[in-house]
Amino acid sequence: MDTSASKKRILILGGGFGGVYTARHLERLFKNRSDVEIVLVSRDNFLLMTPLLFEVCSGALDFRHCAFPVRAFLRTTRFIEATVRGIDLEKRVVYLAAAREHGELPYDQLVLALGALTNRDMISGSENAFTFKMLGDALVLRNHVIERFERADVEQAPEQKRRLLTLVIIGGGLVGVELFGELTGFVDGIAPLYKHVNRDEVRFILLQGADRIMPEIDSRLADYGARILKRQPGADIRTNTHVRSIEPGKVHLPDETIEAETIILAAGVIPNPVVAGLPVEKDKRGHMVVDRTMRCPSHSEVWALGDCASIPGPDGKPYPNLAQHALREARVLAGNIAGALNGQPAKPFVYNTLGMMGSLGPGKAFGELLGMRVRGFPAWFVRRMYYLLQMPGWSRRLRIMIDWTFALLFRPDIVKISVESEDALLLRDKLLAGGVAETPAERTAQTTSRANGGPGGPFPEMKPGN
């Protein structure tokens with residue numbers, strides 16, 4: 001007999017900051033309520049500390065240490081590792097898939113925290129570029145960069161060697177700039193290990209469509225960041241530069257074609273397609289429009305937060321989609337859901353942004369904290385300590401501190417982390433022997449799927465789906 005059928009089910013979709021912390025706060029609010037069931041569905045079984053993803057790519061941090069297992073973080077929440085296929089708002093049912101299993105899960109209250117994906121619609125041929133959004137992306141990109149150096153070390157043709165040692169980042173927002181800084185620092189460390197690669201041969205090109213990099217932050221801090229990055233050997237930062245298209249190994253600009261074997265797309269994000277497909281009001285960027293309590297105006301049992309929601313502030317302008325906001329939104333949203341089940345009015349979300357921080361590579365950063373601008377090593381240290389304390393669990397924090405200490409004392413590691421099986425390696429060798437090569441996007445998609453393990457397992461207490 002399904003004992004959960006008589007319970008009020010709060011279903012949370014998404015395992016990022018917003019979803020996981022909403023579940024954590026709901027556990028506290030309903031700890032003495034046996035008539036309420038909290039369920040969290042996520043494609044991955046871990047909470048990813050995305051601001052630390054850059055250091056995973058450079059090897060300054062072990063890839064396991066920037067993530068925390070959801071099951072260890074939550075106490076009474078029922079966790080399901082699965083992919084959300086769709087939502088029927090009228091039937092109040094969510095359709096899920098995992099491996100070869102499909103099913104549906106009904107709900108009484110629904111929380112949408114599905115996050116966002118890299119925007120591949122802006123530039124033609126974006127599937128030929130790497131993305132930098134998930135843990136698998138960092139691992140694949142790291143392997144790729146190391147492999148380019150291995151090939152460049154034995155390459156005799158000057159033009160091919162130039163292509164191997166050219167890295168292009170499309171998008172000069174905060175993500176693109178932080179990745180640019182971390183990669184230049186990584187290359188500084190590994191270049192001496194390759195006797196036939198001169199550090200000055202490596203080119204880093206940052207392409208930004210706007211008139212300055214990092215338009216989301218204070219212009220003086222953005223100018224400081226640009227000055228620091230331009231000091232790196234081979235750095236080329238171009239503003240007011242629009243990319244027409246991307247093809248394997250080439251970036252086409254209006255008046256130039258850049259040949260590069262490493263092309264990374266960091267030109268913005270779009271809401272999760274599941275949210276984008278819902279028949280509810282959305283803003284011009286595709287975010288679900290909610291009121292100040294984070295409730296959907298047309299469906300009172302549906303709530304949204306984080307990257308997939310447009311939450312208005314007191315001035316009517318939507319809050320930025322930052323981790324610090326998602327953490328605070330989760331607390332207020334949990335209280336509003338508890339109030340809804342108890343017949344109490346919902347409270348609006350009000351929060352004054354603490355500021356923004358960004359890294360420019362090892363030992364260099366910038367930030368605006370409580371209206372005060374900081375830069376250089378102090379900003380780098382504050383940024384690290386802030387994200388260290390945001391990581392749940394002292395065991396994880398200790399491991400991060402150990403990784404950081406070793407990264408300061410020793411040269412970056414150039415061991416590639418292979419996530420391919422023997423069968424996959426044999427198939428790849430056969431393809432290469434036949435002259436067939438995979439695109440970066442194909443390698444990223446396949447390796448990411450394997451790195452994440454792929455969602456799997458049956459859905460207990462769920463009705464079979466179509």
Side-chain angles (χ1 to χ4, degrees), residues 15-17 43-70 115 117-118 129-149 167 169 174-190 204 262 264-266 269 323 357-365 380 383-393 395-420 440 443-453:
F17 286 108
R43 179 191 56 204
D44 301 312
N45 72 344
F46 56 84
L47 168 65
L48 178 64
M49 184 66 69
T50 49
L52 300 181
L53 203 56
F54 306 99
E55 296 176 71
V56 172
C57 186
S58 68
L61 190 64
D62 187 283
F63 71 94
R64 296 169 300 167
H65 299 165
C66 75
F68 194 85
V70 173
L117 302 175
T118 301
F130 290 96
T131 55
F132 199 80
K133 187 71 178 169
M134 301 166 59
L135 185 56
D137 294 338
L139 295 176
V140 170
L141 180 58
R142 171 184 165 80
N143 283 352
H144 174 83
V145 171
I146 294 172
E147 188 173 310
R148 297 316 101 178
F149 271 76
L167 296 86
I169 298 177
L174 196 56
V175 173
V177 166
E178 289 198 88
L179 184 56
F180 190 98
E182 199 65 35
L183 285 175
T184 53
F186 176 55
V187 167
D188 288 342
I190 69 171
F204 294 90
T262 304
I264 307 161
L265 182 64
V269 297
M357 296 181 290
S359 173
L360 298 170
K364 302 179 289 292
W380 178 80
R383 177 185 179 276
R384 278 198 160 188
M385 290 303 102
Y386 175 79
Y387 290 124
L388 177 69
L389 295 176
Q390 294 303 314
M391 174 62 73
S395 64
R396 270 298 193 281
R397 294 172 188 170
L398 180 59
R399 291 172 185 174
I400 291 173
M401 288 189 286
I402 292 173
D403 284 350
W404 282 345
T405 302
F406 272 80
L408 289 172
L409 298 176
F410 302 102
R411 179 175 288 152
D413 200 328
I414 57 171
V415 173
K416 294 192 296 181
I417 304 172
S418 176
V419 291
E420 293 181 314
R443 286 198 300 272
T444 301
Q446 293 173 8
T447 311
T448 298
S449 176
R450 288 191 293 269
N452 289 338

Under 3.5 Å: donor-acceptor pair, side chain of Asp62, backbone of Arg64: yes
Any heavy-atom pair between the side chains of [Y] and [X] that's under 4.5 Å?
| X | Y | answer |
| --- | --- | --- |
| Pro51 | Tyr386 | no |
| Asn45 | Pro69 | no |
| Asp44 | Leu135 | no |
| Leu167 | Arg148 | no |
| Leu52 | Ile400 | yes |

To the nearest 0.5 angstrom, please state how far the [atom1] atom of [X] sits from the [atom2] atom of [Y].
| X | Y | atom1 | atom2 | value |
| --- | --- | --- | --- | --- |
| Cys66 | Arg396 | SG | CZ | 9.0 Å |
| Leu61 | Met401 | CG | CE | 12.0 Å |
| Ser359 | Lys364 | OG | NZ | 8.0 Å |

Taking all non-hydrogen atoms of both residues into account, name the closest pair between [X] and [Y] and its distance.
| X | Y | result |
| --- | --- | --- |
| Ala365 | Gly358 | CB-O, 3.1 Å |
| Met134 | Leu53 | O-CD2, 3.5 Å |
| Pro362 | Gly181 | CD-O, 4.3 Å |
| Ser58 | Pro412 | O-CB, 4.2 Å |
| Phe54 | Glu182 | O-CG, 3.2 Å |
| Met49 | Tyr387 | CE-O, 4.1 Å |

Going by salt bridge (Lys or Arg N to Asp or Glu O under 4.0 Å), name the residues that satisfy it together with [X], two or more places apart in sequence or in a different chain.
| X | value |
| --- | --- |
| Arg411 | none |
| Arg384 | Glu55 |
| Asp413 | none |
| Glu178 | Arg383 |

From CA spacing to verdict: side-chain contact (heavy atoms from CB on, under 4.5 Å), Ile402, His65: CA-CA 10 Å; Ile402 292 173; His65 299 165; over 6 Å; no
Ring pair (Phe, Tyr, Trp, His ring centres under 6.0 Å) partners of [X], counting only residues at least two apart:
| X | result |
| --- | --- |
| Phe180 | Phe204 |
| Phe149 | Tyr194 |
| Phe406 | Phe410 |
| Phe186 | none |

List in chain and number order the residues that pass side-chain hydrogen bond (donor to acceptor under 3.5 Å, both in side chains) with [X], two or more places apart in sequence or in another chain; answer none if no residue qualifies.
| X | result |
| --- | --- |
| Arg399 | none |
| Thr262 | His144 |
| Thr184 | none |
| Glu147 | Lys416 |

Steps toward side-chain contact (heavy atoms from CB on, under 4.5 Å) verdict (Leu179, Leu141): CA-CA 11 Å; Leu179 184 56; Leu141 180 58; 4.3 Å; yes
